[in-house]
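The structure under discussion appears below in the form of structure tokens.
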Amino acid sequence: MNKFIESIKNIFAIEDLRTRILNTLFFIAIYRLGVYVVLPGVDPTQLKTGAQGLFGILDTLLGGAFSHASIFALGIMPYISASIVLQLLTIAVPYFQKLQKEGESGRKKINQYTRILTIPIVLAQSVGFIATINAEAIINPGTFFTVSTMIIITAGTLFCMWLGEKITDKGIGNGISMIIMIGIVSRLPGAIIGEAAAKGVNKSLIFLLEMVVLFLVVMAVIVLTQAVRRIAVQYAKQVGGTTQLDAQRQFIPLKVNAAGVMPIIFAQSLMFVPAIVASVWQNQSELASYIGVKFSDYTSWQYNLTFCLLIIIFTYFYTAISVNPNQIADDLKRSGGFVPGVKPGRDTSEFIDEILTRITLPGAIALALIAIFPAIALLLGVTRPFSAFYGGTSLIIMVGVVLDTVNQVQSYLLMQHYDGMMKSGKLRGRTAQPISVAS
């Protein structure tokens, strides 16, 4: 406990880090206040008590904004959908490929296109959201309510997007992921209390068993997130004037789950589309009604199979754009490094790509299995609100974002010559000397 208190003191002793943490808390507080601001023209007392099925997962990710008919009802999800589209375009369209290779200036242009594309996406999704509001809660239904609500929801999403960018720029961690995580964490205490109340005194042992299993699942997610495949790299002896550098042996750390939390977010955002679109057309088409039923129930095999396939596809996709074997091989060649037994250049690039392909498959499958675990937990008797945290999107996002944030704080502490947040159980790479992986 003393070490923990000392680490907190060290964190707030660094002015820049202290300012970033306070900024992050301030932006998060603004977001959470906005979640409880109900859309004009909606009677909050007539709203349904909670979203069900797929909309229940969306409500969990948005921290209750969806079920509250908040001005942040769609949150940051349309922006994520726009990001998916732009990243797909960087593969298929030469213009966007060129932008991606232009470095910082190209990245700024892609981000600007993403912001612009977010507007039509959120406008389209807001129509589906309006259809999910029960008629009793709308005070004066009509064209004016529909148009004004679309505009307000769009403005709310753009404001959430701005908050996320401000957290990334002025705070700690990735702002977009941080906003999603905060929404998830806000529902966790109520879910645990509800699960304990549902089990009661007679089933307290079952509740304790559920908490133990949850702990084991969290550990499994941490292992998956932190797992690394090391490729040994040898540097030849170098002589410069009177200085002689001995040969060094380092490693390239290739993460088993190099894509991190992004495949889950991307796949989940796409899984909302069929249900939202089908909700608009369910009275006109039997097929739309069927799709709406199956893809609104996250325990259905149709939903889970599609979800798993999307996660695996996005894992490979995001890994391909995050880790560039050709660039790693070129960087090694320029710095005089080589992989023992492999020729520098093209052979090294193919060797790294082969290993990356092999380790990505089990990582993607494990990610997909963890993502559908809430459906399994629900079928085994866990209450619906608590099952959403029993793995799946919620848990993976929480673990991923928390680990990334802790690593950033750790970096600040080490740069300021503090010992860091942990004096035992050191984070991977703290004492080792891995070379950087270019992306």
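Owing to the predicted nature of the structure, the values given are computational and were not obtained by experimental measurement.
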For [X] and [Y], work out which heavy atoms get closest and say how close.
| X | Y | answer |
| --- | --- | --- |
| G381 | K199 | O-NZ, 3.4 Å |
| P374 | S387 | CB-O, 3.0 Å |
| F386 | I192 | CE1-CG1, 3.7 Å |
| T24 | I172 | OG1-N, 2.9 Å |
| I167 | F27 | CG1-CB, 3.7 Å |
| P263 | I311 | CB-O, 3.9 Å |

Exercise. State which residue, out of I119, I76, L74, I71, fulfils the side-chain contact (heavy atoms from CB on, under 4.5 Å) condition with T157.
Key: L74
Practice problem: Any chance you could lay out the side-chain contact (heavy atoms from CB on, under 4.5 Å) test for V218 and I222, step after step, and finish with the verdict? | Solution: CA-CA 6 Å; V218 172; I222 293 175; 4.0 Å; yes
Any chance you could measure [X], atom [atom1], to [Y], atom [atom2], to the nearest 0.5 Å?
| X | Y | atom1 | atom2 | value |
| --- | --- | --- | --- | --- |
| I28 | L33 | CD1 | CG | 12.0 Å |
| D353 | I328 | CG | CD1 | 10.0 Å |
| N304 | I372 | CG | CD1 | 5.0 Å |
| L254 | I231 | CG | CD1 | 4.0 Å |
| T225 | I370 | OG1 | CD1 | 7.5 Å |
| I355 | R230 | CD1 | CZ | 14.0 Å |

Quiz prompt | CA sep, side-chain torsions, deciding dist, call: D331, Q327, side-chain contact (heavy atoms from CB on, under 4.5 Å) | solution = CA-CA 6 Å; D331 291 343; Q327 187 172 349; 3.8 Å; yes
Taking C-beta and beyond as the side chain, do [X] and [Y] meet within less than 4.5 Å on heavy atoms?
| X | Y | value |
| --- | --- | --- |
| V122 | Y79 | no |
| I152 | P40 | yes |
| R20 | D16 | yes |
| Q408 | D404 | no |
| T90 | L99 | no |
| M77 | I80 | yes |

Check whether [X] reaches the backbone of [Y] with its side chain - one donor and one acceptor, N or O, closer than 3.5 Å.
| X | Y | answer |
| --- | --- | --- |
| T118 | A82 | no |
| E195 | T383 | yes |
| S70 | G34 | yes |
| T319 | Y316 | no |
| T168 | G175 | yes |

Quiz item: Who pairs with F145 by ring-ring contact (aromatic ring centres under 6.0 Å, His included), at least two apart in sequence or on another chain?
Solution: none
Could you label the plane-to-plane angle of the [X] and [Y] rings as parallel, tilted or perpendicular, counting under 30° as parallel and over 60° as perpendicular?
| X | Y | value |
| --- | --- | --- |
| Y303 | F307 | tilted |
| F129 | F66 | perpendicular |
| F72 | F159 | parallel |

Exercise. Can you establish whether the number of heavy atoms outside R18 located under 6.0 Å from its atom CZ is more than 12?
Key: yes
Practice problem: With sequence neighbours excluded, give me every salt bridge (Lys or Arg N to Asp or Glu O under 4.0 Å) pair touching residues 154-169. | Solution: R115-E165
